[in-house]
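For reference, the structure discussed in these notes is given below.
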Amino acid sequence: MNQHRITAMGLIMLAGSLFLTTNATKVTAAAPYDEDAYGPEAPIVWEKPTKVTFSHKTHTMDAGLACDSCHDELFIMESGAVLTTGKLTMAAMAEGKFCGSCHDGNTAFASNTKCASCHTDVNGLAPQDPIVWTKPVKAVIFNHKGHVEDFSLECDACHDDTFAMQKGTAEKAADFTMQALYDGKYCGKCHNGKTAFASDTRCNTCHIGVKGHNRMMGNDGAHATGSKAGH
Ligand code: HEC
Ligand code: HEC
Ligand code: HEC
Ligand code: HEC
Ligand code: HEC
Ligand code: HEC
């Protein structure tokens with residue numbers, strides 16, 4: 001362990017406890033642990049782009065991690081600093097960066113599971129508007145609201161590895177077809193006649209078609225002139 005770091009930390013912790021004692025009735029004296037190995041007591045809370053809470057206690061005290069497993073290579077000791085880089089995203093974590101260097105399913109639970117353990121209001125993060133794909137055929141609709149609220153699915157039922165959290169991603173894959181659905185991929189993971197209605201039934205429930213798409217875009221009655229809508 002780096003002696004300089006511990007000394008610097010001692011000062012910060014001291015400043016922290018002075019702050020606490022002058023501001024609130026918080027008792028830290030009888031803490032059943034070595035305070036040097038604890039880190040800041042108050043959780044780190046990031047508000048943007050989403051609300052995420054990080055607890056030093058569960059990482060240092062409970063999981064037994066040393067300060068230098070995160071500082072300063074993954075994070076510097078300044079609340080909010082990482083947000084200013086704009087690089088802390090779910091995609092970066094999936095690549096093993098930041099929280100994802102441990103939250104990879106080996107050292108700790110993977111960052112594309114147990115969403116609610118890091119996010120306070122996870123349902124509020126789902127897009128309100130329906131997602132519509134226009135390739136290879138126009139137009140297939142997907143509603144978060146129905147799936148998350150009405151059918152009570154957890155985000156990680158789909159945002160494990162089934163779908164990326166970026167609309168238009170699946171559309172770019174050559175195998176985003178009915179055959180893939182019949183093989184149990186994409187929507188077919190559930191739309192198999194067991195978990196949800198089968199993909200070879202009720203075509204119009206998913207396929208709202210060119211007319212449905214126009215209606216949704218507020219172009220009802222407008223001519224689909226120049227539209228290259230697939231047939
Ligand atoms: C699992 C990762 C991890 C470990 C282990 C860890 N920290 Fe942190 N620490 C963080 C993160 C994340 C932040 C917030 C950084 C940011 O917002 O950019 C932070 C911030 C801090 C801050 C700044 C707090 C503030 O309010 O500005 C201090 C001080 C700190 N850590 C001390 C420690 C000490 C001391 C230890 C060991 C006892 C420790 N940390 C262990 C992840 C960790
Ligand atoms: C290990 C903690 C952790 C877990 C688990 C986690 N997230 Fe995140 N998430 C973060 C952090 C950190 C950020 C970026 C900082 C912020 O938004 O305050 C973030 C950002 C996001 C964002 C903003 C845009 C983006 O892609 O970065 C969305 C949306 C999101 N998470 C959804 C989810 C969903 C859905 C799940 C579960 C499938 C999940 N998160 C699981 C920590 C986590
Ligand atoms: C150095 C490794 C490491 C890093 C980096 C790390 N974690 Fe963890 N985290 C762990 C371990 C180990 C556990 C406990 C084992 C488990 O729950 O899988 C844990 C548990 C958790 C938990 C569950 C316990 C609790 O606090 O409620 C949350 C939430 C969490 N981490 C969020 C985060 C977030 C957010 C980040 C990024 C700011 C992060 N972790 C970075 C190793 C790490
Ligand atoms: C039944 C499957 C399913 C569930 C459950 C689900 N999603 Fe999604 N989500 C999708 C699909 C499909 C896309 C679009 C992916 C694509 O176009 O490749 C998507 C895209 C997203 C996007 C990107 C939106 C954009 O504008 O780029 C976010 C953010 C998101 N989901 C968050 C969530 C959150 C948060 C939850 C849980 C509350 C959740 N999702 C639950 C299937 C699901
Ligand atoms: C994690 C499981 C799961 C996945 C993946 C999934 N669905 Fe669903 N879906 C359901 C369930 C459960 C229902 C409700 C039960 C039923 O109607 O059979 C449902 C219902 C629907 C409905 C009718 C209700 C509504 O929201 O309009 C449509 C349309 C639909 N899904 C489209 C899709 C599309 C398109 C995809 C792929 C992008 C998809 N679903 C992926 C589980 C899933
Ligand atoms: C659970 C939702 C769902 C149901 C039900 C569904 N589809 Fe699809 N379909 C999709 C998705 C998603 C795509 C790929 C995205 C796109 O083409 O916009 C697709 C693509 C297609 C395509 C173009 C790609 C290919 O495989 O040739 C055709 C044709 C098609 N569907 C026909 C049908 C017919 C016919 C039915 C009813 C027997 C049906 N679909 C039922 C979701 C569904």
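Note that ligands are numbered from 1 as they come in the structure, with each ligand's atoms numbered from 1 the same way.
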Between Ile76 and ligand 1, which residue portion shows a heavy-atom distance shorter than 4.0 Å: side chain, backbone, both, or neither? backbone
Thr162, portion touching ligand 5 at heavy-atom distance under 4.0 Å: neither
Any idea which atoms of ligand 3 are less than 4.0 Å away from a heavy-atom of Thr107? 12 (C)
How far is atom 38 (C) of ligand 5 from its nearest protein heavy atom, and which residue and atom is that? Cys187 SG, 2.7 Å
Lys/Arg-Asp/Glu bridge criterion (N-O < 4.0 Å) met for Lys189, Asp160: yes
Side chains of Ile76 and His71, heavy atoms from C-beta outward: is any pair under 4.5 Å? no
Aromatic ring pairing Tyr186/Phe176, orientation class (parallel under 30°, perpendicular over 60°, tilted between): perpendicular
Considering only non-hydrogen protein atoms, determine which one is nearest to atom 15 (C) of ligand 5 and report residue, atom name and distance to 0.1 Å. Ala196 CB, 4.1 Å
Suppose I only count heavy atoms of Cys190 and a 4.0 Å limit; which atoms of ligand 5 are within that range? 1 (C), 2 (C), 3 (C), 4 (C), 5 (C), 42 (C), 43 (C)
Is there an N/O/S atom in Cys206 at a distance below 2.8 Å from atom 8 (Fe) of ligand 5? no
Is there a donor-acceptor pair closer than 3.5 Å between any side-chain N or O of Ser199 and the backbone N or O of His191? yes
Are any side-chain N or O atoms of Asp104 and backbone N or O atoms of Asn106, one a donor and one an acceptor, separated by less than 3.5 Å? yes
Ligand 1 to Gly80, heavy atom cutoff 4.0 Å, flagged ligand atoms 16 (C), 17 (O), 18 (O)
Heavy atoms only: which of Lys57, Glu41, His56 is nearest to atom 20 (C) of ligand 1? His56
Residue portion contacting ligand 1 (non-hydrogen atoms closer than 4.0 Å) for Trp46: side chain
Taking Lys194's backbone N and O only, do any of them form a donor-acceptor pair with Asn192's side chain (distance below 3.5 Å, no angle check)? yes
How close does the nearest protein non-hydrogen atom get to atom 29 (C) of ligand 3, and which residue and atom is it? Ser117 O, 3.2 Å
Got the closest protein heavy atom to atom 35 (C) of ligand 5, with its distance? Ile141 O, 3.4 Å
Would you call Cys206 and Trp133 a side-chain contact if the rule is heavy atoms closer than 4.5 Å? no
Name of the His71 atom (N/O/S only) found closest to atom 8 (Fe) of ligand 1: NE2
Donor-acceptor contact present, side-chain His207 to main-chain Val140, <3.5 Å: no
Compare all side-chain heavy atoms of Trp46 with those of Lys51 and state whether any distance is below 4.5 angstrom. no
So if I count the atoms of ligand 1 from 1 in the order they appear, which ones are less than 4.0 Å from some heavy atom of Val82? 16 (C), 17 (O), 18 (O)
Which of the atoms of ligand 5 are close to Leu153, meaning less than 4.0 Å from one of its heavy atoms? 1 (C), 2 (C), 42 (C), 43 (C)
Counting heavy atoms only, which part of Phe151 comes closer than 4.0 Å to ligand 5: side chain, backbone, both or neither? side chain
Measure from atom 16 (C) of ligand 5 to every heavy atom in Trp133, Phe197, Tyr186 and give the option owning the shortest one. Phe197
For ligand 1, does Ile44 get within less than 4.0 Å through its side chain, its backbone, both, or neither, judged by non-hydrogen atoms? side chain
With a cut-off of 4.0 Å, which atoms of ligand 1 are near a heavy atom of Ala66? 5 (C)
Residue, atom name and distance, where the atom is the protein heavy atom closest to atom 18 (O) of ligand 3: Phe109 N, 3.1 Å
Contacting atoms of ligand 1, where contact means under 4.0 angstrom from a heavy atom of Tyr38: 38 (C)
Just by distance, do the side chain of Glu171 and the backbone of Lys135 share a donor-acceptor pair under 3.5 Å? yes
Is there side-chain contact between Pro127 and Lys167, with at least one heavy-atom pair below 4.5 Å? no
A student checking ligand 5 against Thr205 at a 4.0 Å heavy-atom cut-off should list atoms 23 (C), 29 (C)
Could you list the atoms of ligand 3 found under 4.0 angstrom from a heavy atom of Phe75? 37 (C), 38 (C)
Near Phe163, which atoms of ligand 5 are under 4.0 Å from a heavy atom of that residue? 37 (C), 38 (C)
Quick note on ligand 1: atoms under 4.0 Å from a heavy atom of Ala81 include exactly 16 (C), 17 (O), 18 (O)
Taking only heavy atoms of Ser69 into account, list the atoms of ligand 1 that are under 4.0 Å away from them. 5 (C)
Backbone, side chain, both or neither: what part of His191 comes under 4.0 angstrom of ligand 5, heavy atoms only? side chain
Which option, Lys145, His147, His144, Glu154, owns the non-hydrogen atom nearest atom 31 (N) of ligand 5? His147
2.8 Å shell around atom 8 (Fe) of ligand 3, exclusive bound, protein N/O/S atoms: 2
I need the contact type for Thr195 against ligand 5. Using non-hydrogen atoms and a strict under-4.0 Å cut-off, is it side chain, backbone, both or neither? backbone
So for Leu74 against ligand 3, with non-hydrogen atoms under 4.0 Å, the contacting part is side chain
Side chain of Ser101, backbone of Phe98: donor and acceptor closer than 3.5 Å? yes
Taking 4.0 angstrom as the limit and counting only heavy atoms of Cys158, give me the atoms of ligand 5 inside it, by number and element. 1 (C), 5 (C)
Check for me, please, whether Leu181 and Phe142 land in the same ILVMFWY cluster - side-chain distances under 4.5 Å, paths through other members count. yes
Does some non-hydrogen atom of the protein lie less than 4.0 angstrom from atom 25 (C) of ligand 5? no
Minimum non-hydrogen distance to atom 27 (O) of ligand 1, winning option of Ser79, Ser101, Cys67: Ser79
